[in-house]
Structures are given as C-alpha cells and as structure tokens.
Asks: 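Handing you a structure now.
Every heavy atom of this structure was used, including side-chain atoms; hydrogens, water molecules and symmetry mates were not. First the proteins, then the strands, lettered A, B, ... as listed; each starts at 1.
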Amino acid sequence: MITGFEYPELRIASTLLAQAGAKPAMSSPAQPEIPAPLSNLKIQYTKIFINNEWHDSVSGKKFPVFNPATEEIICHVEEGDKADVDKAVKAARQAFQIGSPWRTMDASERGRLLNKLADLLERDHLLVATMESMNAGKVFRNAYMMDLSLSIKTLKYCAGWADKIHGQTIPSDGDIFTYTRREPIGVCGQIIPWNVPLVMLTWKIGPALACGNTVIVKPAEQTPLTALHLASLVKEAGFPPGVVNIVPGYGPTAGAAISSHMDIDKVAFTGSTEVGKLIKEAAGKSNLKRVTLELGGKSPCIVFADADLDDAVEFAHRGVFTHQGQICIAASRLFVEESIYDEFVKRSVERAKKYVLGNPLNAGINHGPQIDKEQHEKILDLIESGKKEGAKLECGGGRWGDKGFFVQPTVFSNVTDEMRIAKEEIFGPVQQIMKFKSIDDVIKRANNTSYGLAAGVFTKDLDKALTVSSALQAGVVWVNCYLAMAVQYPLGGFKMSGNGREMGEHGIYEYTELKTVAMKISQKNS
Amino acid sequence: MATINGAVENGQPDGKPPALPRPIRNLEVKFTKIFINNDWHESKSGKKFATYNPSTLEKICEVEEGDKPDVDKAVEAAQAAFQRDSPWRQLDALRRGQLLHQLADLLERDRAILATLETMDTGKPFLHAFFVDLEGCIKTFRYFAGWADKIQGRTIPTDNNVVCFTRHEPIGVCGAITPWNFPLLMLAWKLAPALCCGNTVVLKPAEQTPLTALYLGSLIKEVGFPPGVVNIVPGFGPTVGAAISSHPQINKIAFTGSTEVGKLVKEAASRSNLKRVTLELGGKNPCIVCADADLDLAVECAHQGVFFNQGQCCTAASRVFVEEQVYGEFVRRSVEYAKKRPVGDPFDAKTEQGPQIDQKQFDKILELIESGKKEGAKLECGGSAMEDRGLFIKPTVFSDVTDNMRIAKEEIFGPVQPILKFKNLEEVIKRANSTDYGLTAAVFTKNLDKALKLASALESGTVWINCYNAFYTQAPFGGFKMSGNGRELGEYALAEYTEVKTVTIKLNDKNP
C-alpha cells in the first residue's frame with residue numbers, strides 16, 4: 001500500500017529538480033507541460049467574506065499585501081478585527097441553527113457541493129496558481145502542480161466522506177438500545193498559515209464542511225488572496241450563506257478574537273508552536289472550545305549505509321529545500337551513518353548548488369524568496385549561529401540579491417546536536433547534516449526534541465525500517481521517501497508539534513462530536 | 001412517505017416542483033452488440049435475439065446473443081485488464097473514484113435517453129424510470145466514487161515481535177447477473193462497488209431488458225475506463241448466466257433474481273471454483289400495521305409498497321398484516337387507493353402502472369389471482385387483466401387472506417395486495433417470520449417500544465419503520481434466510497468486493 005513514488009506531486013518534484021540539472025533519483029517521466037502564469041492577473045477579491053457577501057472592515061482599516069520576490073505591494077485588503085469576527089460568528093451561528101438549509105441538507109448533497117467547489121477550483125487552476133505564486137513567493141510550477149492539485153484532491157476526498165461518517169449501534173448491557181451519531185461540532189474557527197495557504201485552507205474547510213460545520217477562516221496576513229478567491233467559489237458553488245466566512249487580518253487581533261470567542265465551538269490552527277500554545281490557552285480560558293493544532297517540527301531524516309544513496313540524497317534534499325524550506329515537515333535534521341557520511345555530504349552539496357534563484361513566476365526559476373523580512377532575518381541569524389558554533393558551511397550561507405527576501409540554498413556538515421541549527425526550527429533553505437554510528441544512538445538522538453511531526457528513514461533492510469519507524473516519535477514516518485503527501489492519510493504531531501490530526505478518516509472525526517443515544521426498551525434480544 | 005431514493009424530493013428551493021422531464025421521441029437504439037474490451041462484438045454463434053416493448057408487444061430491436069464462447073472472450077479481457085501492473089491495477093484509488101464520478105456525470109447528461117430506453121424495454125412509467133431508477137443509479141455511482149480511496153486495511157497489535165497489517169484487495173474478475181425489473185439500477189448496485197474496489201466485471205443483463213446496460217457500455221468507453229474493465233454479454237440465463245456462474249476464471253458472482261435461480265447460481269459456483277457469491281433473491285415481505293399507526297401514512301405506504309413497479313419488486317409488501325381494530329378501515333381505504341391507480345401507457349405522465357414484463361409473468365400472476373379467489377380470499381377489486389390490452393393487470397386487492405393461502409405464501413411479483421388480520425404483537429411476529437424469505441419488513445406504529453421490538457424481532461435484512469421502499473445508497477440491503485447472501489450498497493458492499501490479506505512480518509528480536 002506504500003506507493004509514495006506514485007504521487008504526482010513527487011513526480012513533479014523530481015522533474016522539477018531534473019530541470020535544475022540534477023540526476024533524477026528515480027525514473028522520471030517526461031516533464032508535464034504547464035501553461036505560463038497569467039501575465040495580467042487582476043485581484044478581484046480583497047474584502048471580508050461573510051454570509052456570501054463582501055464587506056468592508058468595521059474599523060475602515062486595510063492592510064497591504066506584498067509580493068515577497070519584489071517587495072512591492074500587490075493590493076490592499078480589508079483588515080478584519082474583533083468586530084468583524086463577531087459579525088462572521090453571528091452569520092456562522094445562524095447558518096448552523098437547527099432547521100437551517102445547511103443542517104437539513106442531505107449529507108450526499110454536502111458532498112456534491114464540495115465536489116462542485118473542487119470543479120470550480122480546477123476551472124480557475126491557472127489564475128489561482130498565479131496568485132499563490134505571486135503572493136507566497138512560490139515557484140510557479142510548484143504552485144500549479146503541487147498546491148493546486150493537492151487542494152483540488154483534498155476537496156474531492158472530503159466530498160466522498162460526507163455521507164460516510166458513520167455512527168455505530170452498540171450491544172450495551174441491560175434492556176437498552178444504544179447508538180452513536182457523529183454530529184458536526186458547530187462554528188469552527190480556522191487559522192491558516194502563509195507557507196501553503198490554499199492547501200492548508202482546503203485541509204481545514206474540506207473536513208469541516210464534509211461533517212456539516214460552519215467556518216470562520218482567518219488566512220495569514222501575508223497571503224490572504226487565494227483564500228478570498230476561494231470564497232467567491234464557495235458562493236458560486238451554492239453553499240448557503242454563513243456556512244463559510246473569511247476574515248483576513250492579523251493574529252493578535254482577528255486570530256485572538258477567534259481563539260477566545262465564546263461562541264466558536266472549535267479552533268484549528270496551523271502555524272508556529274509558540275502561537276499554538278497561545279491559541280490553546282485562549283481556548284481554555286474562554287469556552288473550552290475543541291482545539292486542533294499543526295505546529296512546528298525539527299524532523300529527523302535518517303539515512304543508513306545500506307540505503308539507495310541516490311534516492312536518499314534526493315529525497316533528503318527535497319525534504320528540506322522544497323518551498324525554500326518553509327514547510328513544517330522539513331527534514332531539517334539529517335542523520336547519516338558514518339560510513340557513507342562524506343559521500344552523502346558531497347552529493348548533497350552538489351545537489352544544493354544547482355538552483356536558479358529569482359522571481360518565482362519566471363520560467364527557469366526554481367527557488368523563490370522567503371515570505372517576509374522577519375523570516376528572512378531569522379534565517380540569516382540562524383545561519384550565522386551555525387557558522388559561529390563550528391558547523392562546516394559547505395555552500396550558500398547568506399542573502400541572495402539585494403531585492404526580495406532571498407536566501408542562498410545552504411548546506412552545513414559536521415553539525416552536532418547542541419548547535420542552534422540542530423535544535424531550532426529554521427523554516428528556510430538550510431540543510432543540517434549530522435553523523436551517527438548505531439541504530440540505538442540515532443533513535444535516541446532523533447527523539448531528543450520537543451517536536452514530533454515527521455521523520456524519514458532510508459534503508460533497504462526490512463527489519464531496520466520497521467523497527468525505526470515504530471521507535472520514532474513522529475506523526476508520520478516516511479520510509480525510503482519524504483514529503484510523500486496524499487490526502488488519504490492523516491498528518492499531525494506527537495509532542496509539541498500539535499494536537500489531533502488532519503486529513504484521512506481521522507482528520508474527519510476531528511470535526512465531529514460523538515453523541516450516544518441509549519434507549520430503554522421492553523426487552524433486549526441479540 | 002419516504003420516497004424511493006429520495007428521488008422526487010429534489011424540488012427547487014422555492015418549493016415549486018421542477019418542470020417534468022420528457023421522454024425522447026423516436027429514440028434510435030444504437031447499441032445492440034456484445035461489449036468486450038471497450039469494443040462492440042458480434043456473437044460467436046452469429047445468433048441474435050429480439051427485445052420487446054411490453055406495452056405494445058412490438059419488437060424494439062435485435063441484440064447479439066452471447067453464449068459460452070462470448071463469455072470466455074469477455075473473461076479473457078477482464079483477466080487481462082486485472083493483470084498485475086495493468087493500467088487498471090496501477091491507477092490511484094482516487095482516480096478510480098474520479099472515473100466513477102465521470103460516469104455519473106454522463107448518466108446525468110443522458111438521463112432522458114436512458115429513462116426512455118428503460119421504459120421502452122421494461123414498460124415502467126417513464127417518470128419512475130427518470131426519478132427513481134436513474135436517480136438511484138447516479139447516486140450509487142457517486143457514493144461509491146467517494147469510497148474508492150477509503151477502503152482501508154488495518155494494522156493489528158498481534159502477540160509477539162511482528163508487524164501485522166491487512167490489505168483490502170480487489171477480488172478479481174466479477175460476474176454480475178442482473179434482473180429485468182430495475183435493469184440499470186441493479187447493474188449500478190453491482191458495477192459501482194465492484195469498480196470502486198478495483199475489480200473487473202463481466203455482466204449479463206436480463207434477456208428481457210438488455211438495452212440500458214449496453215448503452216452504459218458506450219458511456220464506460222467514453223469515460224475512459226481501460227479496456228476489459230467492464231464487459232457486457234447479453235443473453236439468456238441457461239447459456240450466458242450458466243457460463244458465468246460456472247466459469248473457473250471468474251472469482252466472484254453477484255446475482256439478483258429469483259430464489260430458484262439463485263440456488264442454481266450458488267450451486268454452480270461451488271461446483272466450479274468456489275467463487276464468492278452474493279445473491280439478492282425473492283421476498284414475501286411482511287408489512288405490519290399496528291392500530292396506533294398514522295393510518296393515512298400506512299395505507300399509502302403499503303399501497304405503494306406492493307403496487308410500485310407493477311408489483312415487480314423483490315421488496316414488495318405482499319403480506320400486509322393489519323391489527324384487527326383498524327382492519328376494516330384499512331381495507332376500505334386500500335381499495336379506494338387501488339381503484340384510483342392510473343394504469344396505462346407508461347410514457348403518459350399520469351400513469352402509475354404499466355404492463356407486466358412478459359407473457360410468462362403475466363400468466364403466473366393471473367394464475368395466483370385465481371388461486372386467491374378459489375381459496376376463499378375476498379376479492380375487493382381488480383382480479384383480472386385489463387380488457388383489450390396486452391400485459392396489463394388491474395390493481396388487485398384481497399382481504400380476509402389467511403396464512404395458508406398461496407397468495408400469502410408465494411411471491412406474486414404482480415399488482416396484487418393480500419391483506420391479513422392480526423390480534424397481538426407476539427402472534428404477528430411469529431406469522432411474519434414464518435417464511436423462508438427474509439428480505440424486508442415494514443412496521444407502522446407511533447409507539448417507540450413496539451417499533452424497536454419489531455425491528456429486532458423480524459427476520460429480515462431491512463426493516464422500514466413508518467416508511468417503505470426507503471432505499472439509500474448509504475444503507476446496506478440484502479436478505480436473511482433464502483432471500484439472499486451478502487449485502488449490496490453502503491460500506492458493507494465493499495466487503496463483498498474485496499479479499500482481505502493479512503501480512504505478518506517477523507522482526508529481529510535483537511533490534512531495539
């Protein structure tokens with residue numbers, strides 16, 4: 001059942017890298033033709049979306065949205081705050097009332113609406129990919145092939161669940177007939193990050209809507225544009241007003257208003273561990289709303305000497321450099337067995353040197369900018385710390401160009417566990433390569449972190465693969481692959497990488513309350 | 001009443017009924033050949049057979065008549081399509097789901113054509129074909145489309161130092177034999193879960209009604225299913241049906257039809273290669289009306305329950321048990337209903353009842369009606385064929401029916417409602433269960449305890465409470481006892497189209 005190589009996302013990644021001159025790690029099919037990005041993209045939707053209508057912010061304020069490759073302003077967006085969140089919650093609560101069109105809708109019809117939304121997103125594929133690339137600094141080919149295709153699949157996958165969210169009948173003791181119902185939780189707040197804005201948005205609204213909830217979404221202030229475009233598609237698909245509401249704005253204002261709102265029943269957040277703690281705290285302090293969190297990681301990737309070295313180098317490379325390292329599941333602690341360490345470093349450095357940096361909308365570019373100044377500075381600071389603490393800088397190591405938030409693809413060898421670059425989440429294009437001697441040793445070191453999001457293991461030995469994958473404390477373990485994303489399986493964190501799971505069947509249940517109905521009957525029979 | 005498949009509930013939001021769909025006039029029948037490997041083939045024997053319009057008794061067209069050599073050809077194609085590494089086996093499960101969705105889209109596009117064909121070939125009212133059969137088909141394909149990438153195995157915490165997991169794999173080449181009463185719908189119930197799980201299919205539609213199945217073949221090709229995944233061989237039971245049931249290279253057979261033939265199919269399956277078998281067979285379904293029931297609802301549901309589709313339903317409410325206090329009133333109202341039932345041209349929008357499927361069924365029904373009269377049941381209305389019209393039978397109601405009469409024991413499969421009387425719950429439970437069949441049952445009562453008591457006491461695969469023929473693609477359907485083996489629809493259907501494989505891997509005890 002493990003067919004990570006089959007996912008088109010991976011095929012794409014492999015061909016992308018092949019384009020950059022890398023030796024393909026696996027048989028790579030011909031690179032799919034994709035259209036050029038739209039050259040005359042007009043931003044149509046910049047307002048707050050409540051009750052299927054567009055609203056100005058209550059305060060009258062707007063905020064600028066930037067292109068991180070050029071540092072230029074793309075447009076201004078209405079800035080939501082507590083008052084706007086309140087408005088959205090009212091709409092969402094109204095749409096969730098017993099007897100409302102949304103509550104009385106057949107589950108299969110909810111599925112049909114989600115499928116329709118997926119079809120509309122497919123129709124606007126090019127436009128949305130162009131927008132995501134421009135706003136998030138994402139290489140256009142990746143935005144087109146990975147983000148959009150994963151988002152569309154997510155909606156379709158969740159659509160299929162809508163009428164398959166089963167309760168159970170239960171043979172309880174006594175003259176009692178018992179059954180369970182999986183009911184929607186109610187009004188769900190959803191706070192989305194800036195690294196994969198559309199994918200994370202669909203990961204949140206897909207399961208929530210499949211289960212029959214209503215949602216208030218706050219996209220990241222850096223990247224609100226594709227969320228607002230999707231809002232227009234929600235309306236076009238025919239979701240009843242108030243089911244989906246989107247309030248762009250900042251974390252300390254709109255985000256805090258959602259997490260601490262007394263009339264929001266659940267909050268889902270993807271972002272940093274630091275902010276995740278604030279959210280759970282606010283949820284606890286307000287109304288004990290349900291919380292799911294997808295937070296940071298410092299994910300280990302372990303390469304044994306018996307691994308297919310080409311594959312391991314390639315996957316480990318992609319695992320940390322994809323989207324300029326701005327992924328929570330980045331393979332940012334690479335443990336390589338001592339006998340192949342030098343060779344592995346050599347090949348990884350060759351591989352990292354092959355990028356072409358520039359405006360991600362331009363053809364031939366395969367490495368874009370970081371999202372903003374704050375992230376840019378943080379990454380450069382961590383790179384400096386690596387140099388100071390004695391890691392060996394193999395390539396990169398600084399800023400690229402003088403406009404846009406670019407960082408050179410950077411590889412450090414001779415990294416040791418106590419260095420900051422081996423402990424802190426970098427969220428940038430920086431690869432740390434460490435050495436290990438024994439399986440016991442590497443398991444201990446890999447688990448020695450408060451994070452537990454993802455892990456990778458490369459070996460041809462069946463026993464090692466199974467032993468290490470059960471020993472690692474991580475929500476997902478990839479064996480002989482990395483970033484093998486698929487909508488059908490759950491993702492989420494052990495330890496401080498998160499609470500709960502997204503996607504897969506488990507991700508669906510995070511958006512349901514379980515009700516037990518026990519009925520007295522005159523006489524039970526088996 | 002809960003409508004069948006929720007079909008006619010698709011009103012527009014403002015509550016106005018949608019404009020009625022129209023049948024296609026002078027529809028040309030385009031697909032009459034054997035469908036194998038996404039191509040159209042003539043029969044090896046060169047034979048053809050005629051299919052008739054039961055309303056007019058006119059021949060619609062001739063269809064290639066499959067036989068054993070054609071089944072062999074189809075099985076070869078289906079086996080090739082199921083080979084390891086074939087395009088079908090390597091397809092992402094989500095993509096299989098998308099293909100099924102696209103098939104549903106095409107059914108929606110050609111809905112009026114298919115409903116017209118179905119009415120021509122079966123004699124069922126066009127609006128029923130459009131709103132019940134086609135709606136059910138489309139929903140079935142969409143529902144199973146969603147399952148394709150959710151057929152999950154498990155990992156299992158076994159004893160000892162091993163890793164243990166299960167894979168739910170497709171079974172292989174699946175034979176499907178479908179009946180003439182809901183030709184396209186019964187086909188969808190088999191095809192959708194089979195394809196959803198990744199099997200390949202060899203399908204025999206009923207010889208009376210092959211046309212919609214063959215049209216579907218053209219849509220399978222248009223959608224882009226790989227060749228050999230779906231193969232359709234029209235023909236007769238003793239030839240094509242027998243070849244499928246006893247074929248050593250077919251891994252599973254699903255059959256919907258009579259109990260008599262069901263037994264033959266299972267016997268042939270056992271004698272050949274122990275292929276997996278699911279059967280949906282006959283019924284003599286009790287419909288129990290308690291005195292506290294909403295009588296209007298009960299009368300209407302019981303009426304539709306037995307007369308729907310000219311009584312040609314395996315789920316027909318053909319034993320109505322009514323509590324004695326309300327018996328007289330129930331019979332009176334049921335007769336009123338039956339007398340008003342519009343019988344006639346199935347293409348007329350007002351028609352509720354068309355002809356029976358063929359002369360054989362027609363004769364059998366009339367014979368059973370005669371037996372009812374002779375055995376002392378009281379004929380309240382109907383009781384004979386419509387004058388000067390082919391295969392039409394008047395809606396017939398019998399009261400004072402007792403358990404030992406033939407009309408209370410045998411499946412009639414016609415527009416005949418036998419109404420029986422009961423005095424208390426324990427008695428009616430016993431009488432309701434006193435049959436070899438166990439397909440469906442219905443209960444009408446407002447009392448919670450009675451409802452739940454009957455729901456658990458009745459020996460049948462489905463119990464409807466205060467509704468009838470409430471079919472949903474999400475809910476499983478099938479028979480207790482001699483009404484069948486296995487279940488169709490719902491998540492349960494997936495188990496009928498998958499083999500479970502347990503993989504156990506011993507770990508090295510020396511590793512941590």
Asks: Counting only non-hydrogen atoms closer than 4.5 Å, does A/Val468 touch chain B with its backbone (N, CA, C, O), its side chain (CB onward), both, or neither?
Replies: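 It is neither, since no heavy atom gets under 4.5 Å.
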
Asks: May I ask you to name which of A/Glu109, A/Glu505, A/Gln523 has the most heavy-atom pairs under 4.5 Å with chain B?
Replies: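 Heavy-atom pair counts peak at A/Glu505.
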
Asks: Is any residue of residues 488-504 of chain B within less than 4.5 Å of chain A by heavy atoms, and which ones?
Replies: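 Hits under 4.5 Å: B/Glu491.
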
Asks: Would you say that more than 12 heavy atoms from the other residues, nucleotides or ligands in this model lie under 6.0 Å from the NZ of B/Lys506, or not?
Replies: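 Yes, because the 6.0 Å sphere around NZ of B/Lys506 holds more than 12 heavy atoms from other groups.
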
Asks: Minimum heavy-atom separation for B/Lys150 to A/Tyr157, with atom names?
Replies: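 Minimum heavy-atom separation between B/Lys150 and A/Tyr157: NZ-O, 3.0 Å.
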
Asks: Please report the closest heavy-atom contact between B/Asp449 and A/Lys520, naming both atoms and the distance.
Replies: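 Here B/Asp449 and A/Lys520 meet closest at OD1-O, 4.0 Å.
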
Asks: Identify, with sequence neighbours excluded, every residue that meets salt bridge (Lys or Arg N to Asp or Glu O under 4.0 Å) alongside A/Glu122.
Replies: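 Per chain and number, A/Glu122 pairs via salt bridge (Lys or Arg N to Asp or Glu O under 4.0 Å) with A/Lys156.
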
Asks: Among B/Lys450, B/Arg142, B/Gln98, B/Glu169, single out the residue with the greatest number of heavy-atom pairs under 4.5 Å to chain A.
Replies: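 Ranked by heavy-atom pairs under 4.5 Å with chain A, first place is B/Gln98.
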
Asks: Measure the spacing between CG of B/Asn161 and CG of A/Leu466 and express it to the nearest 0.5 Å.
Replies: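 B/Asn161 CG to A/Leu466 CG: 10.0 Å, rounded to 0.5 Å.
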
Asks: Is any residue of residues 161-178 of chain A within less than 4.5 Å of chain B by heavy atoms, and which ones?
Replies: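 At a heavy-atom separation under 4.5 Å, chain B is reached by A/Trp161, A/Asp163, A/Lys164, A/His166, A/Phe177.
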
Asks: When you measure from the side chain of B/Asn508 to the backbone of A/Asp463, do you find a donor-acceptor pair of N or O atoms at a distance under 3.5 Å?
Replies: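 Not at all, since once roles are kept as given, no pair shorter than 3.5 Å links the two residues.
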
Asks: At what distance, to the nearest 0.5 angstrom, does CG of B/Asp92 lie from NZ of A/Lys153?
Replies: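 So the gap between those two atoms works out to 5.5 Å.
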
Asks: In terms of heavy-atom contacts, does CZ of A/Arg181 have more than 12 from other residues, nucleotides or ligands at under 6.0 Å?
Replies: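 For A/Arg181, atom CZ is not crowded (no more than 12 foreign heavy atoms under 6.0 Å).
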
Asks: Please look at A/Lys524 and chain B and tell me whether the side chain, the backbone, both or neither of the residue comes under 4.5 angstrom of a heavy atom of that chain.
Replies: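 No part of A/Lys524 comes within 4.5 Å of chain B.
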
Asks: For the residue pair B/Gln474 and A/Ser108, what are the closest heavy atoms and their distance?
Replies: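 Distance-wise, the nearest heavy atoms are NE2-CB, 3.8 Å.
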
Asks: Taking CZ in B/Arg109 as the centre, count heavy atoms belonging to other residues, nucleotides or ligands within less than 6.0 Å. Is the count above 12?
Replies: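 Atom CZ in B/Arg109 is crowded, with more than 12 foreign heavy atoms closer than 6.0 Å.
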
Asks: Taking heavy atoms only and a threshold strictly under 4.5 Å, list by residue number the residues of residues 110-118 of chain A that touch chain B; give 'none' if the list is empty.
Replies: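 Within residues 110-118 of chain A, the residues under 4.5 Å from chain B are A/Asn115.
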
